[in-house]
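What follows is a single structure, written as structure tokens, with notes after it.
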Protein chains: 2
Amino acid sequence: MNRLQVAIVGTPYPQLTAALAAAEVDIVEDHLSAEAAIVTFGGTSAELTELATNSSTLRWVQLPSAGIEAFNDALKARPDLQWTSAKGAYGEPVAEHALALTLALLRELPKRVVARSWAPASGTSLHGLRITVVGSGGVALEIVRLMKCFRTDVTVVRRTEADAAGADRTISTAQLHEALPKTDVLVLAAALTPATRNMISATELALLGEHAIIVNIARGGLIDTTALTEHLAANKIAGAALDVTEPEPLPDGHPLWTEPRALITPHAADTLEMIQPLFAARVAENLSRFGSGLALTGQVDAAAGY
Amino acid sequence: MNRLQVAIVGTPYPQLTAALAAAEVDIVEDHLSAEAAIVTFGGTSAELTELATNSSTLRWVQLPSAGIEAFNDALKARPDLQWTSAKGAYGEPVAEHALALTLALLRELPKRVVARSWAPASGTSLHGLRITVVGSGGVALEIVRLMKCFRTDVTVVRRTEADAAGADRTISTAQLHEALPKTDVLVLAAALTPATRNMISATELALLGEHAIIVNIARGGLIDTTALTEHLAANKIAGAALDVTEPEPLPDGHPLWTEPRALITPHAADTLEMIQPLFAARVAENLSRFGSGLALTGQVDAAAGY
């Protein structure tokens, strides 16, 4: 009789609807009587903020993405609620995209795509390279796992020095500058917070070797775009592959569009089609946990910003 | 004092020279007195055939590549010798290239390389796809291992039905036609023999779905190039990534150069720089085995053609 009263903020889709049906919850039309809010793709901050501000029954909000910055207003309005994000849920496709971009740069695929004639063999093997992964969330740890499939040496850079699972070593952000000169592939997989904004600026770029490449599948604001653009144009690093940019979308005419050492993908690491089943699985898991009084997966640390 | 008398056919390089020195063999200038011949990169079939035909002391020949077709004359002249190829030695870089090409097609990187404007996110994740790997040698098994890192379902197609390590299932070449309609990614990693030449022709291409992609890192002759070119132009498969072509080099002006669904790399899966240390390691291993009377690694089955 105590079926959980759930509000859906945004547009439901078949896999999510099936997960909610299997969990035997009641979907409420009157959002203010909801105990839990599932924010799905297309759900807006304004809609959620209104619900969170006005509902006296709400206890838990599930957000649909790993980053929470889009919903900061609602979070600030109701810090007393349980907040969960999708962090960790989309690790597979995002880490896979990081690998795709890494291999594309190492194997010089941008040059091959536009070639109209055979050429001497060239390229670099990922095997044996030194990888530095910034971040230690679900995506970062999945990148570590995939990188270790290619016999690489992996350093994880995180806020704390607690060992990141699967890495050869874990260092703190304060040691980033020591790691950069020994890095062949720098992969950014950190949350965007005031502390991480522009963490890769001209200073950090100058510490990378000319053979190094950068891959960003997290948030564009982690990199000082102007500094990176200048660094690439000056041929001081071998390449940069960016699935996220600052500004985003990258405007038409931006010099990165025609920089031969830059490979831009339009925030396509995890498409809606890829993440819909993964979000539905996360919702199912957390509905089960909520019903059993277990700790929810993907709890938001509002102070840390993720 | 019974130091092995070794002839070097081709140009030695530092890692090979170091391996030979560590093995304490004698490098003989008069090749006809050699007991073993190490054919290295640049060694010619003519040079080897002359040595093999005329030496009465020769017992073992180590070839530098996985494919042996370039040295068929010498093999035919002296089938009584022990012949070893580098099969299995270059699995890491070649399998890595197969993954790079697979991910590049799935993630639509050829389109991204030439884009000059942001676009909607699109692409396919490798996770969960059905992979068919043709071949079961060292490269094929390494491809299986890497593919399994991405939670794929892997079918190996080989001459015999003996289970291929790591695959979800192993089928014989006679069952290839049954597997093709259930294939998302077809990876060719078989030797080129009279039995495998043109094994992917118009008939096999027609059995693949429109969403399927083909990756060839083995030998161009495995595919009927004309049939593939027509099939791509008709938009009947999603893409083909070819590190090897027939003819090779792919001639200027060939329609595959401008086919947007084709990605051509110039036999760059294992560059000389990548394989030099791996060949030196294989030579060191086999010199040790030869000295100890152990079975050599990479023994050539001249009748099978690899």
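Just so it is clear: chains get the letters A, B, ... in the order the sequence lines come, proteins before strands, and each one is counted from 1.
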Open item on the list: Could you check whether any side-chain heavy atom of V113(A) comes within less than 4.5 Å of a side-chain heavy atom of V114(B), counting everything from C-beta outward?
Closed with: yes
Chain B contact via [X] - which portion, at a heavy-atom distance below 4.5 Å:
X	answer
P260(A)	neither
L126(A)	both
S125(A)	both
E108(A)	neither

What part of [X] gets within 4.5 angstrom of chain A, counting heavy atoms only: side chain, backbone, both, or neither?
X	value
T124(B)	backbone
P120(B)	backbone
I264(B)	both

Task: Interatomic spacing from CG in L103(B) to NE2 in H97(A) - rounded to 0.5 Å - done: 10.0 Å
Task: Spacing of CE belonging to M274(B) relative to OG belonging to S122(A), to within rounding of 0.5 Å - done: 8.0 Å
TODO: Apply salt bridge (charged side-chain N to carboxylate O under 4.0 Å, His left out) to E273(A) and list each qualifying residue two or more places apart in sequence or on a separate chain.
DONE: none
What residues of [range] sit under 4.5 Å from chain A when only non-hydrogen atoms are counted?
range	answer
residues 85-92 of chain B	E92(B)
residues 208-224 of chain B	none
residues 237-246 of chain B	D243(B), T245(B)

Task: Exceeds 12 heavy-atom contacts within 6.0 angstrom, atom NZ of K148(B) - done: yes
TODO: Identify which of P266(B), A121(B), A268(B) forms the greatest number of heavy-atom pairs closer than 4.5 Å to chain A.
DONE: P266(B)
Open item on the list: For the interface with chain A, which of A115(B), G123(B), S117(B) has the highest count of heavy-atom pairs at distances below 4.5 Å?
Closed with: S117(B)
Distance-minimising heavy-atom pair for [X] and [Y]:
X	Y	result
W118(A)	L250(B)	CE3-N, 3.4 Å
R107(B)	A269(A)	NH1-O, 2.8 Å
L109(A)	A104(B)	CD1-CB, 3.7 Å

Task: Donor-acceptor pair, side chain of R116(B) and main chain of H254(A), under 3.5 angstrom - done: no
Open item on the list: Main chain of F150(A), side chain of E96(B): is a donor-acceptor contact present, judged purely on distance under 3.5 Å?
Closed with: no
